[in-house]
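Working notes, beginning with the structure itself.
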Amino acid sequence: MSCIFCKIINGEIPSSKVYENEYVYAFRDINPQAPIHVLVIPKLHLASADEINAENSVYVAKIFEAISVIAKSEGLENGYRVITNVGEDGCQSVKHLHFHILGGKKLPENMG
Ligand code: AMP
Ligand code: ZN
């Protein structure tokens, strides 16, 4: 599997780990767009949110449970933003489902 985020999960590519459990891995974005920028990914290769279905949606539930834990541990009590980009029009550059947690400042209102 040539997927860069699968390689991060199995340790082939180093990352700055923030959180991990049986379903979820979270690490700091290499090119942060906010003072706190964490990526949360499932330990199952799904290309994007467009591949979520009844068989695999437990991973999404686990991701959002983790997001809440990570937000607290990162000190984001004033709020934050969760984003997942999908496909070409969504400007998704890595084809392994990931949720961006952005925070640590007042974020721009414009969502695109
Ligand atoms: P997206 O454009 O939504 O697909 O987001 C992909 C994100 O992955 C970007 O914000 C990149 O900065 C980030 N990224 C790519 N490679 C790495 C890496 N090796 N470690 C951490 N973050 C990465
Ligand atoms: Zn993958």
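We count ligands from 1, going down the list as the structure has it; atoms in each ligand are counted the same way. Just so you know, residue 1 is the first one in the sequence shown, and it goes up from there.
For the side chain to side chain contact (heavy atoms under 4.5 Å, CB included) test, residues two or more places apart in sequence or in another chain that qualify with Leu46 are Leu44, Glu51, Asn56, Leu97. Under the side chain to side chain donor-acceptor pair (under 3.5 Å) criterion, Tyr25 pairs with Ser15, sequence neighbours left out.
The protein non-hydrogen atom at the shortest distance from atom 2 (O) of ligand 1 is Ser93 OG, 3.0 Å. Protein heavy atom closest to atom 16 (N) of ligand 1, with residue, atom name and distance, is Ile4 CD1, 3.6 Å. Of the protein's non-hydrogen atoms, the one nearest atom 22 (N) of ligand 1 is Ile30 N, 3.1 Å.
Residue-ligand proximity, His100 to ligand 1, at heavy-atom distances under 4.0 Å covers atoms 1 (P), 3 (O), 5 (O), 7 (C), 10 (O). Interface of Asn31 with ligand 1, defined as ligand atoms under 4.0 Å from a residue heavy atom, comprises 12 (O). Close contacts between ligand 1 and Leu39 involve ligand atoms 8 (O), 13 (C), 22 (N) [criterion: under 4.0 Å to a heavy atom]. Which parts of ligand 1 touch Arg28 is read off a 4.0 Å heavy-atom cut-off, strictly below it: atoms 21 (C). Remark: ligand 1 atoms within the under-4.0 Å shell around heavy atoms of Asn85 are 1 (P), 2 (O), 3 (O). The atoms of ligand 1 that sit less than 4.0 Å from any heavy atom of Gln92 are 4 (O).
Heavy atoms of other residues, nucleotides or ligands lying less than 6.0 angstrom from CG of Asn53 number more than 12.
The CZ atom of Phe99 sits 10.5 Å away from atom CG of Asn85, with the distance rounded to the nearest 0.5 Å. Between Lys72 atom NZ and Ile67 atom CD1 the span is 11.5 Å, to the nearest 0.5 Å. From Cys6, atom SG reaches atom CD1 of Ile41 across 7.5 Å, with rounding to the nearest 0.5 Å.
Taking the Zn ion (ligand 2) as reference, His96 places its N/O/S atom ND1 nearest. Note on His45: its N/O/S atom closest to the Zn ion (ligand 2) is ND1.
For the pair Val86 and Ala49, the tightest heavy-atom approach, listed with the atom from each and the gap, is CG2-CB, 3.9 Å. Taking all atoms of both residues into account, the shortest heavy-atom contact from Ala34 to Leu102 is CB-CD2, 4.0 Å.
Not one N or O of Ile13 is nearer than 3.5 Å to an N or O of ligand 1, by distance alone. At under 3.5 Å, a nitrogen or oxygen of Val94, whether backbone or side chain, sits near a nitrogen or oxygen of ligand 1. Close N/O approach between Asp29 and ligand 1 is found [any backbone or side-chain N/O within under 3.5 Å].
Contact annotation for Phe5 and ligand 1: only side-chain heavy atoms (C-beta onward) come within less than 4.0 Å of the ligand. Looking at Ile8 against ligand 1, only its side chain comes within 4.0 Å, counting heavy atoms.
Under a 4.0 angstrom heavy-atom cut-off, Cys91 registers as being in contact with ligand 1. At least one heavy atom of His98 sits less than 4.0 Å from an atom of ligand 1. For Gln33, the closest heavy-atom approach to ligand 1 does not fall below 4.0 Å. A heavy-atom separation below 4.0 Å is not found between Thr84 and ligand 1.
At a threshold of 4.5 Å between non-hydrogen side-chain atoms, the residues Phe27 and Val38 do not count as touching.
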Check the pair Phe64 / Tyr59 against ring-ring contact (aromatic ring centres under 6.0 Å, His included), numbers first and verdict last. CA-CA 9 Å; Phe64 274 85; Tyr59 282 88; over 10 Å; no
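The cluster map of Ile, Leu, Val, Met, Phe, Trp and Tyr, joined by side-chain heavy atoms under 4.5 Å apart, puts Tyr80 and Val24 in the same cluster.
Relative ring orientation between His37 and His100 is described as tilted, the plane-to-plane angle lying within the 30° to 60° band.
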